[in-house]
Amino acid sequence: MQVAGRMAANQGQNLYLVGGVVRDLLVGQANFDLDLVVEGDAIKLAQQLIQINQGKLITHPRFNTAKLQWNKWSVDLASARSEIYVKPGALPSVKPSAINNDLLRRDFTINTMAIELNPSRYGDLIDLYGGRDDLERKLIRILHKGSFTDDATRIWRSLRYEQRLNFQLEPTTLELLKRDISMLDTISGDRIRHELELILKEELPEKVLWRAEELEVLPKLHPALKGNGWLEEKFEEARQLSTPDLPPIGLYLALLAYPLTDEENEQLISCLRLPKSLARTLRDTNGIKANLQSLAHPKLSPSSIYQLLREYSLLAVTANLIACDSPVAHQHIQLYLNSLRYIKPTLTGSDLKRLGVASGPQIKEILNLLHEARLDGKVTTKRGEEELVKGWLG
Ligand code: ATP
Ligand code: MG
């Protein structure tokens with residue numbers, strides 16, 4: 001940091017550490033995503049910084065921003081800018097500016113502090129909006145009355161920080177949030193999806209969803225979604241299944257969308273503009289859900305379990321394992337995940353030809369029969385499979 005500050009000063013620029021990292025420094029939490037703001041040319045500074053140490057540099061000349069990466073450290077450099085919101089929900093128009101204006105455009109007081117990095121003022125805190133007080137009082141506070149109208153994604157962001165940090169929405173901010181909930185309709189599906197993804201990367205996303213339900217923000221995503229105790233329990237199971245990693249977003253999303261009908265699912269997919277893979281997870285989850293009654297049949301053969309699940313993505317199968325409430329179905333899905341999905345016949349198409357099976361659709365049919373026999377434990381060795389085939393041919 002000191003080196004960067006000196007370099008900036010030599011270039012005649014001012015450099016600041018800003019945003020989340022300053023907040024986290026003050027509450028004593030680790031944060032490896034550094035945000036730096038340059039009064040001047042961020043790319044010019046980034047190009048000089050990358051020479052100190054082998055790392056990766058990506059520049060975006062159109063926005064005058066750059067990203068540096070060293071191992072786990074990621075450093076975003078931006079040129080100080082001010083923003084004007086011409087229309088609610090739309091992206092603002094921006095122009096280069098001084099640090100004060102750059103701080104003014106931000107979401108909450110606790111995210112609006114900066115630390116000076118130039119040598120003469122190194123380490124000085126800039127706190128224009130009482131961010132430090134709000135950190136101490138554990139409050140999430142917007143900077144001005146029009147904040148949620150300008151950019152309603154801040155509604156979701158406020159809940160995310162509130163729950164992550166165990167803070168509270170400051171009373172006026174809470175009032176304005178309630179007043180401006182309808183402004184969420186002005187935000188594009190892509191931006192809402194991005195905020196939802198950030199929530200699902202939190203340690204306990206269900207807390208944010210529960211709070212969003214309480215404040216009637218969640219129904220804006222889809223009226224049929226629920227942020228209740230069921231979800232809390234299922235998210236916890238998802239984490240236990242996924243340790244040591246966090247559950248993939250698709251698994252959380254499938255659990256969140258579990259109560260939705262096919263039609264509601266499609267509405268969610270299109271309003272969030274979900275990418276293909278996530279859309280598939282949600283559709284598959286509902287596909288399996290529709291089979292749950294069959295899966296709950298106590299006398300189901302392994303090959304039938306396999307047939308009921310084989311065409312669906314693993315995340316969707318896992319979501320149903322967690323969400324279904326029939327113990328028998330649960331057991332069957334477990335069996336599929338732990339064992340059935342790995343079972344394959346040993347003989348191949350060419351083995352079958354060698355045994356005298358004619359080329360063509362017959363090969364496929366016999367391979368399927370062998371697969372079924374394997375799954376149901378009717379055959380366990382290559383030898384056994386050959387006997388079976390010979391029997392069928394004879
Ligand atoms: P996190 O720990 O979640 O990464 P962060 O504060 O680093 O927190 P980012 O999403 O990385 O959050 O954003 C960096 C900074 O940009 C924030 O601290 C905030 O000041 C500002 N910011 C991000 N999104 C918005 C927004 N929608 N409106 C205003 N300011 C925003
Ligand atoms: Mg960040």
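Ligands are counted one by one from 1 in listed order, and the atoms in each one are counted from 1 as well. Heavy-atom basis, side chains included; hydrogens, waters and symmetry copies ignored.
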S.K.: Are Ile126 and Val38 connected into the same hydrophobic cluster when the rule is that any two of I, L, V, M, F, W, Y join if their side-chain heavy atoms are below 4.5 Å apart?
M.R.: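 No.
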
S.K.: Does the distance from a Lys or Arg side-chain N to an Asp or Glu carboxylate O, for Glu170 and Lys138, drop under 4.0 Å?
M.R.: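 Salt bridge: no.
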
S.K.: Any idea which residues sit under 4.0 Å from ligand 1, heavy-atom distances?
M.R.: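 Residues Gly19, Gly20, Arg23, Asp35, Arg105, Arg106, Asp107, Asn111, Asp151, Thr153, Arg154, Arg157, Arg160, Tyr161, Arg164 each place a heavy atom under 4.0 Å from ligand 1, listed by chain and number.
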
S.K.: I'd like to know if the side chain of Thr348 pairs up with that of Asp351 as donor and acceptor (distance under 3.5 Å, no hydrogens or angles considered).
M.R.: yes

S.K.: Counting N and O atoms only, with roles assigned by atom type, does the side chain of Asp262 sit under 3.5 Å from a partner on the main chain of Asn286, one being a donor and the other an acceptor?
M.R.: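 Judged by distance alone, no pair lies under 3.5 Å.
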
S.K.: Using only atom types and a distance under 3.5 Å, with no angle test, would you say the side chain of Ser326 pairs donor to acceptor with the backbone of Ala296?
M.R.: no

S.K.: Examine Tyr161 together with Phe167 and report whether their ring centres are nearer than 6.0 Å.
M.R.: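 Centroid separation for Tyr161 and Phe167: 6.0 Å or greater.
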
